[in-house]
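For reference, the structure discussed in these notes is given below.
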Amino acid sequence: MSCLHYIDGNLCIENVKLAHVADTFGTPSYVYSRAMLENNWQAFNQAFQSMPHRICYAVKANSNIAILHLFARLNAGFDIVSMGELERVLAAGGDPKKIVFSGVGKKREEIEQAIKKGIYCFNVESEPELDRLAVIAQQLNTTVNITLRINPDVNPQTHAHISTGLKENKFGMEISHILPLCQRLSSLSSVRLIGIGCHIGSQMTRLDPVLTAIDCLIFLYQQLRERGIAIQTINIGGGLGIIYHRETPPTIADYAQAVQKKLSPYTLEVILEPGRAMVGNAGVLLTRVEYLKFTRHKNFAIVDAGMNDLLRPSLYNAWHDIQPVTLHSDEKKIYDIVGPVCESADFLGKNRELALHPNDLLAIDGTGAYGFGMSSNYNSRPRPAEILIDNHQMHLIRRRETIQEAIALEQIIME
Ligand code: LLP
């Protein structure tokens, strides 16, 4: 479900007209709905209520500290993948004891900092990472919780770029490597194995790959138990898809029910790391039409947001719904909605049927996840502002960058 709706012909988020947001803060801007963010959180929390669970929001999906703060106030945990994300969660008032740290390339200083801040656990992705972690924890005179991430070689049936649980992907460890590794663990006093987990991919629209991956985890759990290795946690990662176009992903409730059915025979706490399903439908990218350009082959609407602001269409050929902020009664035409960046891959949507005038505002829907977070300064374009709508109120949660800020870190060499 989108956070957009029309009130008297004006496109709104909650009770604020997007035209008013553009007048106040300019374009391009990301605009989010607080109610939608909080509803998504509640939907996950309620759906998993009947089983021991820990929801660790995947910070990479949208890491604005105002959004992290909303989730922290709702008692969320967080899944982080860098020291930057750790600092963001702490700046947002998140509880370090609810942080899990994923990722294949954790650097020494990142591990050290996370241990010092007292995070809940590390999702370990390789044997050398385990060794590095054990040494650092020992030097710091402490014992850290770990879960081992497996690579179950399951096809998540999603875009190849966001598939993570196939044997050719860099993530997790082969199941056959886990038992020997666990045997070694008994000699490492600075790490405590609390669980196993996996994350097989993102924007998954079917349940069966997730359930197959959970079967692999259960199989491994049983093997560990037979060898007297007790664990209490299963991390099933994130990955639940949302509706961008005509997808039919399971609802959060369907997903929870299926997971629960698999795990109910066991006394295990489940860790979830949802990102997209928590924030994706809660945000839009607001952009203004600069020019309409008609050729014999195509009509282009050239807007002021580009691939540097929203990379998903260019990188994954992702489809985002594009809604006009003001409705016109004149005839619709087929447009490619393109940005100002000097690349032919710079498009936000192709072949969209719209009635457009220069200066019109458009809302690119479903961009709350992996929108701002993947933005860049390419073509020396300052990154957009971010605004959070709360009923009738607008809060600027990240002001627009300035060009001066973008060049401030650089230095001319005189000699
Ligand atoms: N946990 C781990 C270990 C992950 O790698 C990810 C996402 C998540 C959780 C959250 O997954 P989600 O619930 O959001 O699907 N930039 C891409 C998505 C990349 C996802 C990377 N990992 C996109 O725009 O579609």
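Quick note: residue numbers are just sequence positions, from 1. Fair warning: this is a prediction, and the values are worked out from it, not measured in the lab. As the structure lists them, so they are numbered: ligands from 1, and atoms in each ligand from 1.
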Closest to atom 20 (C) of ligand 1 among Tyr316, Tyr370, Tyr244, Tyr57 (heavy-atom distance): Tyr370
Applying side-chain hydrogen bond (donor to acceptor under 3.5 Å, both in side chains), which residue pairs with at least one partner in residues 88-105 are found, sequence neighbours left out? Asn75-Lys98, Asp79-Ser102, Ser102-Asn123
So, are Arg399 and Glu405 salt-bridged, with charged N and O less than 4.0 Å apart? yes
Protein heavy atom at shortest distance from atom 15 (O) of ligand 1: Ser202 OG, 2.4 Å
What protein heavy atom is closest to atom 8 (C) of ligand 1, reported as residue, atom name and distance in Å? His199 CE1, 3.4 Å
Among Lys60, Met204, Met278, the residue with a heavy atom nearest to atom 5 (O) of ligand 1 is Lys60
Hey, is ligand 1 close enough to Gly275 that some N/O pair sits below 3.5 Å? yes
Taking atom types as modelled, find out whether Ser29 and Glu386 have a side-chain donor-acceptor pair closer than 3.5 angstrom. no
Is there any ring pair (Phe, Tyr, Trp, His ring centres under 6.0 Å) pair reaching into residues 50-107, and which pairs are they, with sequence neighbours excluded? Tyr57-Phe71, Phe101-Phe122
At less than 4.0 angstrom from any non-hydrogen atom of Gly239, what atoms of ligand 1 do you find? 11 (O), 12 (P), 13 (O), 15 (O)
Close-contact set for ligand 1 against Arg149 heavy atoms, below 4.0 Å: 3 (C)
For Asp79, take its heavy atoms, then give the atoms of ligand 1 lying under 4.0 Å from any of them. 1 (N), 2 (C), 9 (C)
Quick one: pull up CG in Leu240 and CE in Met278 and give me the separation to the nearest 0.5 Å. 10.5 Å
Which of the ligand 1 atoms, numbered from 1, are nearer than 4.0 Å to a heavy atom of Gly238: 9 (C), 13 (O)
One finds that the ligand 1 atoms under 4.0 Å from a non-hydrogen atom of Met374 are 16 (N), 24 (O)
Look at the aromatic rings of Tyr32 and Tyr30 and report parallel, tilted or perpendicular, splitting at 30° and 60°. parallel
Could you tell me which atoms of ligand 1, counted from 1 in the order shown, lie closer than 4.0 angstrom to a heavy atom of Pro274? 13 (O)
With a 4.5 Å cut-off on side-chain heavy atoms, are His320 and Pro313 touching? yes
Can you check whether Arg381's main-chain N or O pairs, donor with acceptor, with Asn379's side chain at less than 3.5 Å? no
Enclosure of Gln157 CD (heavy-atom neighbours >12, cutoff 6.0 Å): yes
If we number the atoms of ligand 1 from 1 as shown, the ones under 4.0 Å from a heavy atom of Ala58 are 8 (C), 9 (C), 10 (C)
Closest to atom 24 (O) of ligand 1 (heavy atoms only, candidates Arg312, Gln203, Arg276) is Arg312
So, 4.0 Å and heavy atoms of Thr164: is ligand 1 close enough to count as a contact? no
Top protein contact for atom 19 (C) of ligand 1, by heavy-atom distance: Ile162 CG2, 3.7 Å
Just to be sure I'm reading this right: ignoring hydrogens, which of Glu125, Glu273, His161, His159 gets closest to atom 3 (C) of ligand 1? Compare them by their nearest heavy atoms. Glu273
Is Asp215 paired with Lys262 through a side-chain N to carboxylate O contact shorter than 4.0 Å? yes
